[in-house]
Chemist: 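Handing you a structure now.
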Amino acid sequence: MEIEKIVENVAFNLLKQAVIYLPEDVKQALKKAYEEETSETGKTQLKAILDNIELAEKYQAPICQDTGTIIFYIKAGSEVKGLEKIENALINATKRATKEVPLRPNAVNPFTQKNSGDNTGRFIPFLNWEIVPGNSLELTVMPKGGGSENVCVTGMLVPGEGINGLKKFVVETVIKAGAKPCPPNILGIAMGGGTDIAIKLAKKALLRPLTEPNPDPEIAKLEKEILEAVNMTGIGPMGLGGKTTVLGVNIEYAYRHPASFPAAVAFNCWAARRASARINADGTVEYLTHKKGV
Ligand code: SF4
């Protein structure tokens with residue numbers, strides 16, 4: 001089979017998996033939050049979320065009506081042939097998934113306000129490319145919810161305030177976001193680079209499973225500290241109060257200019273959808289995040 005068709009089929013399956021089945025680490029984190037939540041209202045909200053997840057799997061329906069804006073991450077081996085055909089394959093997969101899964105059409109022209117009806121349009125689905133050595137292709141899809149997108153921010157911190165300034169920025173951002181991003185959330189936090197680089201890294205950090213702390217022990221410690229701090233806000237599940245506002249914090253960074261301290265916070269909602277697969281040179285496919293749904 002041609003690479004274009006293989007990629008289209010795999011991307012279609014990934015979209016279907018992602019919107020119906022939450023990744024196991026997110027499901028387990030929500031279950032743990034339910035067991036440990038002390039607020040009665042918070043517990044009721046988490047129970048509703050867990051029931052929702054179960055029903056979506058049973059009826060093969062999306063876990064949320066907001067099936068998000070479609071973002072792909074592509075790790076392309078430099079020896080893979082036909083890379084120029086991938087974009088078209090991903091657009092076709094998105095159109096097909098919109099019709100067949102189905103996904104709610106969420107791509108709107110900002111000038112005319114017209115919905116394209118198939119989740120595609122200028123720069124959508126958005127493609128993030130990374131060229132790596134080898135001859136395989138790793139595809140990841142993140143259907144990114146609108147509510148959680150609306151509160152993502154990039155800020156310019158005071159370099160002299162360092163990490164304390166970052167902590168303050170994150171806590172203030174979470175308080176300001178309140179119930180809007182459909183908590184409990186996952187936070188992708190990034191610092192350095194530039195404003196564009198920070199938000200890109202923050203969003204990419206949302207792909208790291210909740211079971212994998214940062215490999216750098218100092219950053220892993222900071223992730224834990226920020227998690228504890230934001231959960232002291234009491235915003236709670238769906239903003240109705242409780243100790244589970246955030247399920248996990250993933251931090252990324254780039255080096256920064258001495259005079260600049262860009263930082264970004266990307267929110268994912270409880271419907272933290274992502275799915276990945278690897279396409280090998282011989283055309284075989286390994287689904288990396290999900291066992292079900294293909
Ligand atoms: S932010 Fe997430 S949970 Fe909330 S409506 Fe959108 S996709 Fe659904």
Side-chain angles (χ1 to χ4, degrees), residues 14-31 33-34 37 41-57 59-72 94 97-98 101-108 115 119 124-126 140-153 173-189 199 202-207 209-210 230 233 235-242 244-250 264-275 289-290 293:
L14 289 177
L15 273 159
K16 193 171 171 194
Q17 286 178 327
V19 298
I20 297 175
Y21 303 94
L22 274 190
E24 208 44 44
D25 60 295
V26 180
K27 268 201 273 187
Q28 291 311 323
L30 286 164
K31 280 184 190 157
Y34 170 70
E37 182 59 66
T41 333
K43 225 174 165 60
T44 312
Q45 292 304 312
L46 287 164
K47 174 78 174 60
I49 288 172
L50 292 171
D51 289 349
N52 186 351
I53 292 169
E54 216 180 291
L55 289 170
E57 292 190 10
Y59 293 108
Q60 296 281 289
I63 40 175
C64 184
Q65 91 290 343
D66 171 10
T67 44
T69 296
I70 311 303
I71 303 172
F72 284 103
T94 304
T98 304
V101 173
L103 310 178
R104 189 178 77 185
N106 281 336
V108 172
N115 193 319
N119 276 309
I124 298 295
F126 194 79
T140 296
V141 69
M142 182 201 281
K144 182 70 177 64
S148 57
E149 189 61 23
N150 291 348
V151 292
C152 296
V153 290
T173 301
V174 170
I175 291 172
K176 199 166 163 217
K180 287 185 204 144
C182 298
N185 300 119
I186 296 169
L187 301 183
I189 298 171
I199 193 67
K203 197 171 268 186
K204 195 175 173 205
L206 295 173
L207 296 176
L210 293 166
V230 289
T233 59
I235 294 166
M238 297 311 281
L240 292 171
T244 327
T245 304
V246 170
L247 298 171
V249 171
N250 292 344
V265 184
F267 286 74
N268 218 347
C269 48
W270 67 263
R273 296 154 294 191
R274 62 171 202 274
T289 46
H290 291 64

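As the structure lists them, so they are numbered: ligands from 1, and atoms in each ligand from 1. Note that this is a predicted model, so its numbers are computed, not measured.
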Chemist: I want to verify a count. Protein N, O or S atoms less than 2.8 Å away from atom 4 (Fe) of ligand 1, how many are there?
Modeler: 1
Chemist: Checking the side chain of N115 only, and the main-chain atoms of P105 only, is there a donor and an acceptor separated by less than 3.5 Å?
Modeler: yes
Chemist: Out of curiosity, T244 OG1 to N185 CG, how far, rounded to the nearest 0.5 Å?
Modeler: 11.5 Å
Chemist: Could you tell me whether D25 and R274 have a side-chain N and a carboxylate O separated by less than 4.0 Å?
Modeler: yes
Chemist: Mark the output for R273 as yes if a heavy-atom distance to ligand 1 is under 4.0 Å, and as no if none is.
Modeler: yes
Chemist: Any carboxylate oxygen within less than 4.0 angstrom of a Lys/Arg side-chain nitrogen, looking at E54 and K27?
Modeler: no
Chemist: Under the 3.5 angstrom rule, does the side chain of N106 hit a backbone N or O of D66 as a donor-acceptor pair?
Modeler: no
Chemist: Out of curiosity, E24 CD to H290 NE2, how far, rounded to the nearest 0.5 Å?
Modeler: 9.0 Å
